[in-house]
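One structure is given below, encoded as structure tokens.
Below, chain A is the first sequence line, B the second, and so on; all start at residue 1. Owing to the predicted nature of the structure, the values given are computational and were not obtained by experimental measurement.
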Number of protein chains: 2
Amino acid sequence: METVGQIIRAKRETLRLLLRQVAAYLDIDQAVLSKIERNERKPSKENIIRLAEILKFDKDELMIQFMSDKIAYEIAAEDCAERVLKVAEKKVKYLKTHPIKN
Amino acid sequence: METVGQIIRAKRETLRLLLRQVAAYLDIDQAVLSKIERNERKPSKENIIRLAEILKFDKDELMIQFMSDKIAYEIAAEDCAERVLKVAEKKVKYLKTHPIKN
DNA sequence: TTACATTTGACAATAACTGTCAAGTAAATT
DNA sequence: AATTTACTTGACAGTTATTGTCAAATGTAA
């Protein structure tokens with residue numbers, strides 16, 4: 001299974017872009033991008049948006065990979081992980097069909 | 001749809017316990033518990049474990065509610081939320097069936 | 001060697017998390 | 001009415017997590 005980091009690195013290399021170039025576009029130090037690609041750091045949401053732009057990813061798809069990574073990572077240790085996702089799904093559906101009270 | 005806070009408050013009241021009493025068991029100030037019950041603060045994982053004990057909840061079930069709340073909250077705003085959960089599910093399954101490299 | 005790309009680790013600024021405390025409100029009791 | 005009790009509120013503080021910088025180290029190719 002591919003990690004977000006691997007996906008990013010593969011695409012960057014395909015496009016023949018340097019860490020330096022992509023990092024500049026993201027407005028971060030290349031050290032951070034290097035770590036992101038090796039899954040030593042997690043990208044911020046802003047990083048993902050910019051990455052999708054410069055690497056010509058489908059914007060939603062990269063965000064989906066990013067967020068699902070985050071979620072999977074935070075619950076994988078629980079043995080009730082699958083059930084957590086099922087319940088979360090119900091809650092999301094509920095939230096989407098009901099007005100947000102403010 | 002019931003929030004974790006609502007579930008906790010309802011059960012505490014059924015058991016005729018005071019904020020003060022439950023908070024002492026959790027080893028936190030009652031102000032925090034008050035806020036947790038009104039969804040103004042999120043409980044820590046430790047809080048959830050102790051709450052399950054004193055309020056006689058099934059431990060897993062309360063943890064599921066807690067974690068699914070957290071996840072639903074963090075992705076509800078995205079319109080690809082459902083898909084994120086599907087992908088997360090696959091990733092969790094993958095992580096569970098593959099040894100964790102260290 | 002020199003030059004370039006990447007990696008590494010120490011550090012810093014900021015934000016988020018988790019709790020304390022004291023003062024406030026509201027309802028019931030004396 | 002005054003007191004007591006339960007809860008709420010907001011300011012604050014300590015700790016941890018997040019997000020980035022920087023300089024030096026490493027790897028790689030001319």
Exceeds 12 heavy-atom contacts within 6.0 angstrom, atom CG of A:Asp58
yes
Measure the distance from [atom1] on [X] to [atom2] on [N] and round it to the nearest whole Å.
{"X": "B:Phe66", "N": "C:dC17", "atom1": "CZ", "atom2": "P", "result": "10 Å"}
{"X": "A:Asp29", "N": "C:dA12", "atom1": "CG", "atom2": "P", "result": "16 Å"}
{"X": "B:Arg9", "N": "D:dC7", "atom1": "CZ", "atom2": "P", "result": "7 Å"}
{"X": "B:Arg50", "N": "C:dT18", "atom1": "CZ", "atom2": "C1'", "result": "16 Å"}
{"X": "A:Leu18", "N": "C:dC4", "atom1": "CG", "atom2": "C1'", "result": "9 Å"}
{"X": "A:Gln30", "N": "C:dT8", "atom1": "CD", "atom2": "C1'", "result": "12 Å"}
{"X": "A:Leu33", "N": "C:dT6", "atom1": "CG", "atom2": "P", "result": "9 Å"}
{"X": "A:Leu19", "N": "D:dC22", "atom1": "CG", "atom2": "P", "result": "17 Å"}

Examine [N]: is either OP1 or OP2 under 4.0 Å from a nitrogen or oxygen in the side chain of [X]? Give yes or no.
{"X": "A:Arg38", "N": "C:dT7", "value": "yes"}
{"X": "B:Ser34", "N": "D:dT8", "value": "yes"}
{"X": "B:Ser44", "N": "C:dT18", "value": "no"}
{"X": "B:Arg16", "N": "D:dA6", "value": "no"}

Can you identify which nucleotide, out of C:dG9, D:dT9, C:dG19, has its nearest atom closest to the B:Val32 side chain?
C:dG19
Distance (rounded to the nearest 0.5 Å) between A:Arg38 CZ and A:Arg9 CZ
6.5 Å
Distance, nearest 0.5 Å, that separates CD1 of A:Ile36 from CD1 of A:Ile48
7.5 Å
D:dG20 base / A:Lys35 side chain donor-acceptor hit below 3.5 Å
no
Which is it for A:Lys45 and B:Glu78 under the side chain to side chain contact (heavy atoms under 4.5 Å, CB included) test, yes or no, and what are the steps along the way?
CA-CA 12 Å; A:Lys45 199 170 253 184; B:Glu78 311 290 330; 2.8 Å; yes
Quiz item: cation-pi between B:Lys11 and B:Phe57, 6.0 Å / 45°:
yes
What is the nucleic acid contact for A:Arg41, judged by heavy atoms within less than 4.0 Å: base, sugar-phosphate only, or nothing?
base
